[in-house]
Amino acid sequence: MGKATKYAELAVVYAAKGAWAVFERLNRISPNPGFTPKWSDKPLLKSWEKEKPPLGWPRTTDSLCPKCVPEIRKQILEGKLPMEVLLNEKVGEIKAQIIERDGKILMVKDCPKHGHFEDVMSIDTAFFKHLEESFPGRDIRLHGTGDEKLHHHGTSTLTHGRGSVLTIDLTNRCNMMCDPCFMDANQVGFVHELTWDEIKTMLDNAVTVKPKRQMSVQFSGGEPTLSPYFLDAVAYARKVGFNSVQAASNGIEFAKSKELCRAAAEAGLRYVYLQFDGIGNAANSHRKVGNLFDVKLQAINNLHDAGVDIVPVTTIINGINNEQVGHIIRFALDNPKRISFLSFQPVSFTGRDEDISDERRHAQRYTLSHMAHDIKDQMGFGEPARDWFPISFMSIFTDWADLVHGPNAEWGQLNCGCHPNCGVGMALMIDKETKEAAPVTAFLNMDKVSKDLAKVNDAARGRWLSVIGFSLALLRNYDPFKSPTHFKITDMLKKMDKTFGATGRSYGSVSGDRTMDDIKKRRADRWNFLFIAGMWFQDLWTYDFRRTEQCTIPYATQEGEISFCAYNTGIGWRNIIEKMHMTATLTKWYEEHGRHEIFAGGKKVNMPEVGHDLTLNMADVNAEANHTLDNLGIAKNAREEKLRARDSKVISDAENARMAKLYREHVLGEKPVEGMVPLSSIAPAKPVEEKEPVAGD
C-alpha cells in the first residue's frame with residue numbers, strides 16, 4: 001500500500017478525532033442504566049462499579065507457609081486431620097508483604113514455626129506498576145443456582161471470575177514422565193480417572209453458575225487423550241453450549257493418528273494447547289523423549305489439516321529454556337497460517353517440584369517480567385511497559401461486546417478478569433503473505449482506546465451507537481504509518497468485528513455445527529492477530545489469596561470448582577481430592593487394564609506418517625540445549641536433585657564411618673579387629689542409578 005493511501009487514512013484519523021469530540025459530548029447526556037442479560041441475574045457493571053483488590057506496594061496480603069502446607073496436607077492424606085479443616089480454618093496461612101527492594105518486586109513473609117521466606121515477583125517495577133494500573137476491575141460476582149454448591153472451599157473459595165476456561169482433568173495417567181510436572185503424573189501410586197457420569201455432571205453443573213460467560217472448556221490431565229471418554233467429553237461439552245472446546249496435550253497421540261485428529265475435530269474440538277518447550281529436539285531434551293520436537297511438528301500438521309487450531313504452550317524455566325522464547329515467536333512468525341496464539345507459562349514450583357532447594361528455586365525462578373524482557377532482547381520488539389497489558393485488560397472489550405449482543409444473548413462474552421499479577425498479553429498483527437509483523441500497540445494507542453471504550457460502555461447506548469463509538473475510538477487512536485505496509489483501516493475494523501461478532505456479518509461459524517468450509521473461511525483472512533500470552537501460576541512462595549478468589553480458569557472436580565492455583569498449589573486440593581476419589585491403585589489398574597505405553601528415558605515415538613510443510617529456522621532447530629545450570633553446578637529438576645542428595649548422603653555416611661574408626665583407634669586406643677578390612681580402603685558405595693520407566697511401564 002502506497003504512501004498516498006496512508007496519508008488518506010491519516011485524514012480519516014483526523015476526521016474521526018473531530019467526530020469523537022461531538023459523539024463523546026452527546027454520549028455524556030443521560031446515560032442508560034446497565035441491563036440485566038439472560039446470562040446473569042445481576043446487571044452489567046459500569047466501569048466505576050467494578051471491585052478491585054488492594055494493588056500497588058508496599059501492601060499486605062494473605063499467603064501460605066511453604067513448609068506448613070506440605071505438613072498439613074500429609075496429615076489430611078494420612079487421615080490424621082479431617083478435610084473439613086480446609087473449610088473451617090485458615091490452615092497454613094500467614095501474612096505476606098509485597099515490597100520493592102533493589103529495583104525488584106518481592107513477596108516476603110514470616111512463619112512463626114519455619115521462619116523467613118521471600119521470592120521475586122518482578123524484576124521491573126515500571127512493568128509491574130503498568131500492569132496493575134491497567135487493571136479494569138473484577139467481573140460480576142458469582143451467583144446462580146450452582147454457585148453455593150460448587151464454590152465452598154473455605155478461604156480458597158472462588159468469588160469472581162469463571163469468565164475464561166473451565167478445566168477438567170479426565171485422567172491423571174500420562175504417556176510421558178517428565179519434569180516439570182505440576183500434577184506429578186504417574187508418580188502418585190494410584191489412578192484418578194473420571195467416569196462418564198462424573199464428566200457429564202461437571203459440565204452440567206458448570207452452566208448453572210452465573211454470570212454464564214465461561215464459553216470455553218479445556219480437557220486436561222495427565223494426558224486427556226488417554227481417557228476412553230475423550231471424544232465423548234468433547235462432543236458433550238459442545239452439546240451443553242461451550243463454543244470453544246480445548247485439549248491440553250503433549251501431542252503424542254495426535255502425532256501418531258490422523259484419524260484421532262479428524263474424529264476430535266468432528267466431535268467439536270477447536271483448540272489443542274500443545275506442550276511446546278522450544279525449537280529442536282535439544283530444546284526439548286529435558287522432557288526425555290528422543291524425538292519430541294518431531295512429534296510436535298507432526299501433531300501441528302495433523303491437527304491443522306483436520307481443522308483444529310494449535311496453541312503452543314511453553315513452560316519457561318530459567319537456565320533450561322528461557323532462550324527459547326525468541327525461537328518460538330520466530331517459529332510463529334514464520335508460520336502465520338498455522339499459529340495464531342502463543343502461551344508462555346513461567347515455571348510454578350509445585351507438584352513434582354514442590355520439594356525444591358532454595359538454590360535451585362532462585363536459579364530457575366522466571367517471572368512475567370523476565371519473559372517480557374527476554375522477548376524484547378531476543379526479538380527486538382515489545383516494550384514491557386507499553387506493549388504488554390494484563391490479560392484482564394480485554395474485559396473492557398468484552399464488556400462492549402456484551403452490550404452489543406444485548407439482553408437476550410444466552411451466553412456472555414469470554415472475560416479474562418483475572419488479577420493483574422496472573423497474566424499478561426501482547427498482540428502482533430502479521431501479514432500472512434509477506435510475514436511482516438508489528439505490535440498492535442505500536443500503531444494503536446491502547447491506553448486511550450480503553451479509556452474511550454469505557455465511556456462508550458458506561459453510556460450503554462445500544463448496539464449500533466456502541467459500534468459507532470468503538471469504531472471512532474479505534475480510528476482516532478490509529479497511526480497508519482506504524483502499521484504493517486499493506487494493513488488498512490478497513491482491515492482493523494473487520495478484525496475487531498470478526499473477533500467480537502458485533503455486526504452479525506458472517507466470517508465463518510464458530511458454533512457447534514461449524515463445518516470445514518467455516519474453518520477455511522475464517523482462515524482465509526490475510527491478517528493473523530497473533531496473541532502472545534504469559535500466565536504465571538502461583539506456588540507456595542508467591543501465593544496470594546487475592547489472586548485465587550478471582551480465578552478465570554478454575555478446575556471442575558467431584559468436590560466443586562476450585563481456582564487453578566488453589567487446586568495445583570495452595571493447600572493441595574488436587575492431592576486430596578484425587579486421593580479421595582481415586583479409581584484404583586496402580587497394581588489394581590494394571591491387573592484390569594494393562595499398562596499404557598510411556599515415552600521416557602530417550603525413547604522415541606513411532607509415527608506411522610511423517611511429513612509437514614512448516615517453515616523452520618534451522619539455526620534454531622540445531623541449537624544446543626541450554627547448559628546454564630550445568631555450568632553453575634545446579635540440579636535441573638527434582639529427580640536430579642534427589643539423586644545428588646542421595647549421592648551426597650552415601651559419601652557422607654562413608655566419611656562418617658572412616659572418621660569414627662580413626663577416633664576409636666587414635667583417641668580411644670582401640671585396635672582394629674583382626675581380619676577386618678580397614679574402612680579407609682573401601683571406596684564409597686556407588687548408588688544404584690535410578691531408572692526411567694520403559695515402554696509398557
Side-chain angles (χ1 to χ4, degrees), residues 170 174-176 178 218-235 237-238 244-281 283-284 287 289-314 328 331-332 334-343 432 508 510 514-524 528 530 596-599 603-616 621:
L170 296 179
C174 188
N175 48 10
M176 290 176 64
C178 56
Q218 182 175 102
F219 295 110
S220 184
E223 172 53 43
T225 56
L226 296 186
S227 166
Y229 304 114
F230 172 64
L231 295 177
D232 294 326
V234 171
R238 279 290 201 182
S244 176
V245 183
Q246 311 166 3
S249 172
N250 57 37
I252 289 175
E253 297 304 316
F254 291 121
K256 289 164 59 178
S257 173
K258 290 186 176 182
E259 180 52 41
L260 174 62
C261 297
R262 285 191 290 268
E266 289 171 4
L269 188 67
R270 187 173 173 188
Y271 294 102
V272 166
Y273 274 58
L274 182 68
Q275 178 199 55
F276 197 89
D277 282 348
I279 306 301
N281 284 312
N284 289 270
R287 297 290 184 179
V289 178
N291 60 339
L292 193 56
F293 182 61
D294 304 317
V295 169
K296 307 302 180 183
L297 298 179
Q298 195 61 44
I300 292 172
N301 179 82
N302 295 353
L303 288 163
H304 187 270
D305 286 352
V308 179
D309 292 326
I310 302 96
V311 180
V313 179
T314 307
I328 293 168
F331 173 76
D334 286 340
N335 297 279
K337 295 182 180 180
R338 300 292 181 97
I339 307 296
S340 60
F341 197 114
L342 293 174
S343 179
K432 293 180 183 178
V510 294
R514 71 177 186 153
T515 65
M516 198 64 192
D517 287 338
D518 290 314
I519 294 168
K520 289 178 180 178
K521 187 175 181 180
R522 292 188 73 82
R523 288 177 175 176
N528 179 8
L530 176 66
H596 65 267
E597 190 172 20
I598 292 178
F599 297 91
K603 177 179 171 62
K604 292 186 177 182
V605 178
N606 179 37
M607 297 174 286
E609 296 182 58
V610 178
H612 64 83
D613 58 359
L614 292 158
T615 300
L616 299 175
V621 172

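The side-chain heavy atoms of Arg522 and Arg514, taken from C-beta on, include no pair separated by under 4.5 Å. A 4.5 Å side-chain heavy-atom check between Asn250 and Lys296 finds at least one atom pair inside the cut-off. For the pair Leu342/Ile328, a side-chain contact is recorded, criterion being any heavy-atom separation below 4.5 Å from C-beta on. Taking the side chain as every heavy atom from C-beta outward, Phe331 and Phe276 approach each other to under 4.5 Å. Inter-residue side-chain proximity for Tyr229 and Val234 is flagged as unmet; no heavy-atom pair is nearer than 4.5 Å. Using a 4.5 Å heavy-atom cutoff, the side chains of Asp518 and Lys521 are not in contact. In this structure the side chain of Ile598 never reaches within 4.5 angstrom of the side chain of Cys174, judged on heavy atoms. Using a 4.5 Å cut-off on side-chain heavy atoms (C-beta onward), Cys261 and Asp305 make no contact.
The two residues Ala332 and Leu530 have their closest heavy-atom pair at CB-CD2, 4.1 Å. The heavy-atom pair separating Phe254 from Val272 by the smallest distance is CE1-CG2, 3.9 Å. Of all heavy-atom pairs spanning Lys337 and His304, the tightest one is O-NE2, 3.1 Å. Of all the heavy atoms in Ala306 and Ala265, the pair that sits closest is O-CB, 3.3 Å. Scanning both residues, Ala299 and Gly251, for their nearest heavy atoms gives CB-O, 3.6 Å. Shortest non-hydrogen contact noted between Ile279 and Ala283 is O-CB, 3.6 Å.
Taken to the nearest 0.5 Å, the CE atom of Met607 stands 11.5 Å off from the NZ atom of Lys258. Note: Leu170 CG to Leu226 CG = 10.0 Å, rounded to the nearest 0.5 Å. Here the CG atom belonging to Leu231 is positioned 9.0 Å from the CG atom belonging to Leu269, to the nearest 0.5 angstrom. Remark: Thr615 OG1 to Asn335 CG distance equals 4.5 Å, nearest 0.5 Å. Here the straight-line distance linking atom CD of Gln246 with atom OH of Tyr273 works out to 4.5 Å at 0.5 Å rounding. Interatomic distance, Gln275 CD to Leu292 CG, rounded to the nearest 0.5 Å: 6.0 Å.
Using a cutoff of 4.0 Å between basic side-chain nitrogens and carboxylate oxygens, Lys256 and Glu609 are not scored as salt-bridged. The existence of a salt bridge linking Arg523 and Asp309 is confirmed by a sub-4.0 Å separation between a basic side-chain nitrogen and an acidic carboxylate oxygen. A salt bridge links Arg287 with Asp277; the closest basic N to acidic carboxylate O contact falls under 4.0 Å. A salt bridge links Asp613 with Arg338: at least one charged nitrogen is closer than 4.0 Å to a carboxylate oxygen.
Judged purely by distance below 3.5 Å, without hydrogens or angles, the side chains of Glu223 and Ser249 pair a donor atom with an acceptor atom. When only modelled atom types and interatomic distance are considered, Gln298 and Asn302 share a side-chain donor-acceptor pair under 3.5 Å. Using modelled atom types, one finds a donor on one side chain and an acceptor on the other under 3.5 Å when comparing Glu253 with Asn175.
Aromatic ring orientation, Phe219 versus Phe230: perpendicular (interplanar angle above 60°, classes split at 30° and 60°).
For the pair Arg270 (side chain) and Ser244 (backbone), a donor-acceptor distance under 3.5 Å is absent.
For the side-chain contact (heavy atoms from CB on, under 4.5 Å) test with Lys604, the passing option among Val295, Val289, Asn291 is Asn291; the others fail.
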With side chain to side chain contact (heavy atoms under 4.5 Å, CB included) as the criterion, how do Leu274 and Ile300 come out once you've worked through the C-alpha distance, each side chain's angles and the decisive distance to 0.1 Å?
CA-CA 9 Å; Leu274 182 68; Ile300 292 172; 3.7 Å; yes
